[in-house]
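Following: one structure in structure tokens, then a few remarks.
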There are 2 protein chains.
Amino acid sequence: MITPHLKKLRLRTDISSEEERVIRDLVGEVRRFKADEVLVHAGEELDRCMLLVEGWLVRSKDLPSGERQVLEIHIPGDFADLHGFTLKRLDHDMASVTDGAVALVSHAALANIIEEHPHLALVYWLSTNIDASVGREMALSLGQRSAISRMAHLFCELHARLKVVGETRGDTFDFPLTQREIAEYLGLTVVHVNRTLQELRRKGLVESENRAITIRDRRGLEAIAEFDPSYLHLEKRVLA
Amino acid sequence: MITPHLKKLRLRTDISSEEERVIRDLVGEVRRFKADEVLVHAGEELDRCMLLVEGWLVRSKDLPSGERQVLEIHIPGDFADLHGFTLKRLDHDMASVTDGAVALVSHAALANIIEEHPHLALVYWLSTNIDASVGREMALSLGQRSAISRMAHLFCELHARLKVVGETRGDTFDFPLTQREIAEYLGLTVVHVNRTLQELRRKGLVESENRAITIRDRRGLEAIAEFDPSYLHLEKRVLA
DNA sequence: CGCTGACTTGACAATATTCAACAGTAGTGG
DNA sequence: CCACTACTGTTGAATATTGTCAAGTCAGCG
């Protein structure tokens with residue numbers, strides 16, 4: 001169930017078999033969710049985290065005006081609200097995109113394992129820091145890239161991240177976000193997302209049909225996105 | 001020298017006097033810098049972090065097109081590239097805005113103290129997670145707020161953060177960013193920043209004169225910014 | 001079969017950018 | 001001390017990108 005999660009971790013740093021056992025024991029109750037639920041509300045007091053095992057989640061913030069900004073997209077293997085372990089209250093909602101399931105991990109259990117396995121504290125600290133790095137690249141997109149470049153970047157990033165956990169089929173991957181949700185992520189309107197997506201199709205860069213994306217011209221897509229995957233930190237390092 | 005840093009930490013969680021001693025001992029060499037230096041380049045291998053003791057730094061990313069996005073603004077007391085402790089290579093540059101100084105802290109020293117004082121591991125993990133929270137609020141600004149709202153939000157945030165470390169004088173604070181740098185942070189052009197700043201002045205919300213900002217109408221400014229400081233996590237919590 | 005939500009299109013408007021020019025200030029070197 | 005340069009801030013006019021509003025199609029679902 002948490003094999004994708006271990007794949008993600010092992011890509012970035014070595015995990016001993018002892019540590020693997022401990023991580024596998026972390027998982028308590030599994031909670032299933034339906035699409036479009038808010039699993040955690042901003043400000044709520046937390047005593048556990050959610051390791052996403054199936055389906056997609058997003059972090060999102062609402063504005064008084066009713067607008068919503070999606071701040072991060074989570075795929076299976078992601079420890080979606082691990083930052084809540086130290087923050088204790090999130091500054092954003094955790095909402096589901098699809099049906100799916102999370103493995104619940106109590107903060108107490110986490111505290112225990114990092115006490116006994118200090119290396120895992122670094123592993124998970126690294127994990128939240130990589131999340132933040134992804135967030136910075138998104139801010140770069142929102143600040144400097146055009147609509148078409150942002151959208152291309154989104155597709156490049158998700159393909160790379162899904163590939164790590166084995167959820168791609170060649171250049172194709174499931175992509176369950178509606179155009180409204182893409183708009184909320186890219187900071188654009190639905191209308192403009194629709195037109196921009198058509199432009200990507202017209203240029204022969206991607207295809208999209210029933211909730212899946214196929215990258216037709218990777219070079220072209222990466223060029224328009226100015227995609228450089230180094231911010232994903234897809235290489236191994238030695239911690240402490 | 002690192003009193004502001006301790007103020008910041010103590011606002012969020014309790015630090016024992018023993019821990020304080022350990023933190024004070026962390027500081028090794030102090031490095032002074034001039035304005036507009038790049039202290040750390042993206043991708044560079046790191047074996048130490050920088051605790052900002054004087055002056056302002058920014059995290060920034062360059063695009064092939066030559067555009068620059070400022071992703072975070074750092075003020076004295078900030079452990080500016082603490083995330084580099086686990087990442088080992090930053091995905092962005094660390095650049096100076098003003099003259100100033102950083103206290104250098106080797107990764108080895110950090111690894112030692114968190115091994116001996118596991119609570120401090122949580123304290124600094126929290127610290128990077130709060131940085132990420134500030135980054136998310138910025139992404140919300142870039143994605144959903146208008147130019148004037150973003151700029152108002154920037155001033156509200158900086159006043160709140162500077163107040164924590166005792167760098168405000170009532171509603172006034174030093175603000176050394178040029179309009180070009182503000183533009184790079186807000187994802188706007190210099191021209192538009194200039195006009196937007198004039199609008200804030202015309203509405204009687206802020207004054208700005210020789211590198212300092214005075215908030216003239218806090219309610220009004222916060223309203224236009226939709227400012228809600230909860231993302232700054234300015235409250236105490238118990239870690240582990 | 002009638003809803004509802006997702007997607008699509010057209011016409012128009014607002015926000016922000018681009019380009020070009022100029023004033024003020026500080027720093028530099030002759 | 002002054003001329004020179006470079007940077008910062010400012011303004012106007014034209015343009016581009018993206019948003020708004022309104023309407024309509026299509027598919028899935030109870």
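Reminder, nothing fancy here: chain letters follow the sequence lines and each chain counts from 1.
- Residue B:R145 is out of contact with every strand shown, counting any heavy-atom pair closer than 4.0 Å.
- The interatomic distance linking A:Q179 (CD) with C:dT9 (P) rounds to 10 Å, in whole Å.
- Residues B:E222 and B:C156 approach most closely at CG-SG, 3.8 Å, considering heavy atoms.
- Applying the 4.0 Å criterion to OP1 and OP2 of D:dG9, one finds that B:R211 has a side-chain N or O inside that range.
- Atom P of nucleotide C:dA6 and atom CD of A:E181 are separated by 8 Å, given to the nearest angstrom.
- One interatomic measurement links the two molecules: NE2 of A:H192 to P of C:dA14, which rounds to 18 Å at whole-angstrom precision.
- A:E199 has its CD atom 15 Å from the P atom of D:dA16, to the nearest Å.
- Among the nucleotides C:dC19, C:dG10, D:dT18, the one closest to the side chain of B:V191 is C:dC19.
- Among the protein residues, A:R150 comes within range of no part of the nucleic acid, since none of its heavy atoms lies under 4.0 Å from any strand.
- With rounding to whole Å, A:Q198 atom CD is found 13 Å from D:dT25 atom C1'.
- The distance from the CG atom of A:N129 to the NE2 atom of A:H233 is 8.5 Å, given to the nearest 0.5 Å.
- Between B:K61 and A:D228, none of the side-chain N atoms (NZ, or NE/NH1/NH2) sits under 4.0 Å from a carboxylate O, so this pair counts as no salt bridge.
- Evaluated for a side-chain contact (heavy atoms from CB on, under 4.5 Å) with A:I75, the options A:D174, A:L162, A:V164 yield exactly one hit, A:L162.
- A perpendicular orientation is assigned to the rings of A:F175 and A:F155, their planes being inclined by more than 60° (bins at 30° and 60°).
- Residue B:V190 is out of contact with every strand shown, counting any heavy-atom pair closer than 4.0 Å.
- If you take CG of B:L197 and C1' of D:dT11, they are 15 Å apart, rounded to a whole angstrom.
- Across the protein-nucleic acid pair, A:R195 atom CZ and C:dC12 atom C1' stand 11 Å apart, rounded to whole Å.
- Taking the side chain of A:L188 as heavy atoms from C-beta on, and the options D:dG9, D:dT18, C:dA16, the nearest nucleotide is D:dT18.
- Between B:N194 atom CG and C:dC22 atom C1' the separation is 13 Å, expressed in whole Å.
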